[in-house]
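To start, the structure under review is shown below, and the notes come after it.
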Amino acid sequence: MLSLQLIRDHPDVVREALQRRHAQAPLDELIEVDRLWRQYTHQVETIRSERNALSKEIGQLSRLINDPQVDVRERRRAQHRRDDLVARSSFLSQQLEGLEAQLKEAEARLHQLLLQLPNIPHPRVPLGEGEKDNLVVRQWGDPPSFTYTPRPHWELAEHLGIIDFQAGVKLSGSHFYVLRGAGARLQRALISWMLDFHTARGYKEVYPPALVRGECMWKGGWLPTFAEFMYRDAEEDLWLLPTAEVALTNLHRDEILSPGSLPIYYVAYTPCFRREKFTAGREVRGIKRVHQFDKVELYKFVEPERSQEELEALVEDACAVLRALGIPHRVVLLCTGELGFSAAMTYDIEAWAPGSGEWLEVSSCSNCTDFQARRANIRFRREKGARPEFVHTLNGSGLALPRTMIALLENYQQADGAVIVPAPLRPYLAGQEVITPDDDRPLAP
RNA sequence: GGAGGGAUCGCACAGUGGCCGAGUGCGCCCGCCUGCUAAGCGGGUGGGGGGCUAAAAGCCCCCUCGCGGGUUCGAAUCCCGCUCCCUCCGCCA
């Protein structure tokens with residue numbers, strides 16, 4: 001949510017931001033509704049002010065009238081005066097009724113319109129419309145060369161018996177999968193290792209519920225826009241997380257953080273659920289896009305002036321995971337047209353998947369500036385007694401499990417179809433160095 | 001699932017229709033007093049919004065007693081609905 005103050009004072013800035021994003025938004029209507037809202041506010045408050053004064057005097061007169069010590073004539077005079085005031089007050093209340101309804105309507109409309117404006121892109125975000133305008137900022141690692149045509153992960157997985165697509169369909173339908181044996185174990189190792197990895201870099205581990213109230217989705221910016229992409233329990237109005245970002249944002253919803261509590265860094269492992277709309281006939285093979293997946297998410301609450309450097313650090317933390325795993329990857333700065341609604345700047349991190357022959361988005365790191373914080377009402381004080389200010393929030397995957405698994409399997413595949421386990425994961429797999437077919441060995445104690 | 005109790009300015013509570021324009025204690029801040037500290041004394045102490053002003057400072061006003069409706073000239077207070085918390089019983093990984 002943008003600051004209404006900004007829209008009032010600098011509508012040109014907002015208009016220009018919309019153009020850069022190639023986004024349509026009802027800015028003119030918003031400005032007009034805001035003007036109306038302020039007009040109604042003024043009218044309503046003027047009347048309320050008079051009514052409050054009358055009420056006060058009516059109260060005083062009532063006490064006088066009921067006081068037997070007071071002279072009868074004076075009490076009668078007070079009675080007349082009171083009747084006049086009550087009549088006037090009654091009239092004002094009548095007038096208010098209509099005005100308050102108008103005010104409320106304007107307010108609701110204003111809020112509705114405000115929710116339709118996306119965040120202002122950071123000046124450093126390249127201008128552009130689509131994927132082709134994204135900027136590859138840097139690349140790490142050379143794609144491995146193979147003496148044979150590298151296999152895609154679904155072939156490797158089938159050969160190794162670690163991903164069971166049929167079982168996924170049997171249990172839950174298409175775009176679900178079952179990990180078996182070394183596959184399940186490898187994912188679990190990745191999760192544990194990544195949590196430890198980020199904790200060691202200063203993030204605090206959090207385990208939130210996977211089901212959250214509708215309010216979290218509204219305040220987190222997911223409703224109403226993304227309702228059709230999420231799963232929900234209708235009976236209780238509980239929503240399944242599409243990403244831990246929702247839960248982590250809401251952790252400090254409606255709070256004023258005390259001086260000295262920033263920055264706050266969180267790392268959370270959660271399942272993520274997405275009701276993706278898969279285009280019929282354009283099959284996405286393997287586990288690249290699924291309805292349920294695991295993700296280790298990074299999240300930061302920081303002071304406004306630090307958010308850009310915090311974004312760079314966040315990207316670095318996500319990249320460090322891939323470096324440690326030895327997976328070639330590149331960092332892509334999204335152009336204005338590709339930016340998410342809440343983001344002022346976003347870097348995607350893409351891992352090279354030699355078998356699939358494509359760069360896979362394994363992480364998306366965004367600086368949401370004060371946009372998300374304003375909507376979720378997350379503020380902080382610089383000093384005791386200082387005015388509360390909105391924090392800046394940042395989020396990024398660190399990393400998403402299925403695509404990390406894809407990249408790992410495809411990069412570390414051997415000619416015979418076995419897959420080498422990257423060194424950092426071995427302690428989490430009781431020292432296991434290679435995954436071979438039908439590998440169901442029990443973990444050493 | 002059943003029964004009952006509760007939600008008030010950081011915390012603990014008071015307040016059952018107009019003297020509440022929300023009070024008391026604690027905490028916190030400022031000052032006074034004081035070898036130091038503690039105590040004592042005095043003052044202050046939430047959030048949101050609108051307006052005046054070139055702007056800041058400042059001033060005026062409105063809203064905010066869990067949330068939303070209603071009754072009333074007037075609601076923290078009365079009525080209805082909802083949410084959350086607590087206690088007990090039942091059930092249960």
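Side-chain atoms are counted along with the backbone in the values below, which use heavy atoms only and exclude waters and symmetry mates. In the text below, chain A, chain B and the rest are named by the order of the sequence lines, each starting its count at 1.
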For this session: Determine, stepwise, if the pair A:Asn377 / A:Arg375 fulfils side-chain hydrogen bond (donor to acceptor under 3.5 Å, both in side chains).
Result: CA-CA 5 Å; A:Asn377 193 26; A:Arg375 189 150 168 183; over 6 Å; no
Exercise. Looking only at side chains, do A:Ser366 and A:Asn395 share a donor and an acceptor under 3.5 Å apart?
Worked result: no
Exercise. Expressed as a whole number of Å, how far does the C1' atom of B:C20 sit from that of B:U64?
Worked result: 14 Å
Exercise. With sequence neighbours left out, which residue pairs that include part of residues 212-238 of chain A fulfil the ring-ring contact (aromatic ring centres under 6.0 Å, His included) condition?
Worked result: A:Trp222-A:Phe226
Exercise. Which pairs count as side-chain hydrogen bond (donor to acceptor under 3.5 Å, both in side chains) when at least one residue sits in residues 85-100 of chain A, sequence neighbours excluded?
Worked result: A:Arg48-A:Glu100, A:Glu50-A:Arg88, A:Arg51-A:Ser93
For this session: Report the relative orientation of the aromatic rings in A:Tyr266 and A:His252; use parallel for angles under 30°, tilted for 30 to 60°, perpendicular for over 60°.
Result: parallel
For this session: Taking atom C1' in both B:G49 and B:C28, compute the distance separating them and give it to the nearest angstrom.
Result: 27 Å
For this session: Step through it carefully: locate the ring centre of A:Phe371, locate the ring centre of A:Phe341, and say whether they are under 6.0 Å apart.
Result: yes
For this session: With C1' as the reference atom in both, quote the distance from B:G43 to B:C33 in angstrom, rounded to an integer.
Result: 15 Å
Seminar exercise, completed: Given the options A:Arg124, A:Lys300, A:Arg306, A:Glu312 meets salt bridge (Lys or Arg N to Asp or Glu O under 4.0 Å) only with A:Arg124
For this session: Determine whether A:Ile264 and A:Leu257 make a side-chain contact, defined as any pair of heavy atoms from C-beta on separated by less than 4.5 Å.
Result: yes
For this session: Examine the side chains of A:Ser342 and A:Asn119 and answer whether a donor and an acceptor come within less than 3.5 Å of each other.
Result: no
Exercise. Please, what dot-bracket string fits RNA chain B when only Watson-Crick and G-U pairs with both distances under 3.5 Å count, crossing ones use [ ] and pairs to another strand use |?
Worked result: ((((((((.[[[[.)..(....]]]]((((((.......))))))(((((((.....))))))).[[[[[..)....]]]]])))))))....
Exercise. Quick one: are A:Pro422 and A:Leu408 in side-chain contact, heavy atoms under 4.5 Å?
Worked result: yes
For this session: Would you please name every residue forming a salt bridge (charged side-chain N to carboxylate O under 4.0 Å, His left out) with A:Asp28, sequence neighbours left out?
Result: A:Arg15
Problem set entry | Separation of the P atoms in B:G69 and B:A76, to the nearest angstrom | 15 Å
Exercise. For atom P, what is the distance between B:G74 and B:G18, given to the nearest Å?
Worked result: 15 Å
Exercise. Should A:Asn52 be listed as having a side-chain N or O under 4.0 Å from OP1 or OP2 of B:C63?
Worked result: yes
Problem set entry | Span that lies between the C1' atom of B:C65 and that of B:U8, in whole angstrom | 4 Å
Exercise. When you check every protein heavy atom under 4.0 Å of nucleotides 45-51 of chain B, what one-letter string (B, S, -) results, 5' to 3'?
Worked result: --SSBSS
Exercise. What integer number of Å spans the C1' atoms of B:A57 and B:C41?
Worked result: 32 Å
Exercise. What one-letter contact string describes nucleotides 66-81 of chain B from 5' to 3', where B marks a base within less than 4.0 Å of any protein heavy atom, S marks contact via sugar-phosphate atoms alone, and - marks no contact?
Worked result: ---S---BS-------
Exercise. B:U83 C1' sits how many Å from A:Leu238 CG, rounded?
Worked result: 13 Å
For this session: Rounded to whole angstrom, note down the C1' distance from B:C13 over to B:U72.
Result: 30 Å
For this session: Quickly work out the A:Arg253 CZ to B:C84 C1' distance and round it to whole Å.
Result: 12 Å
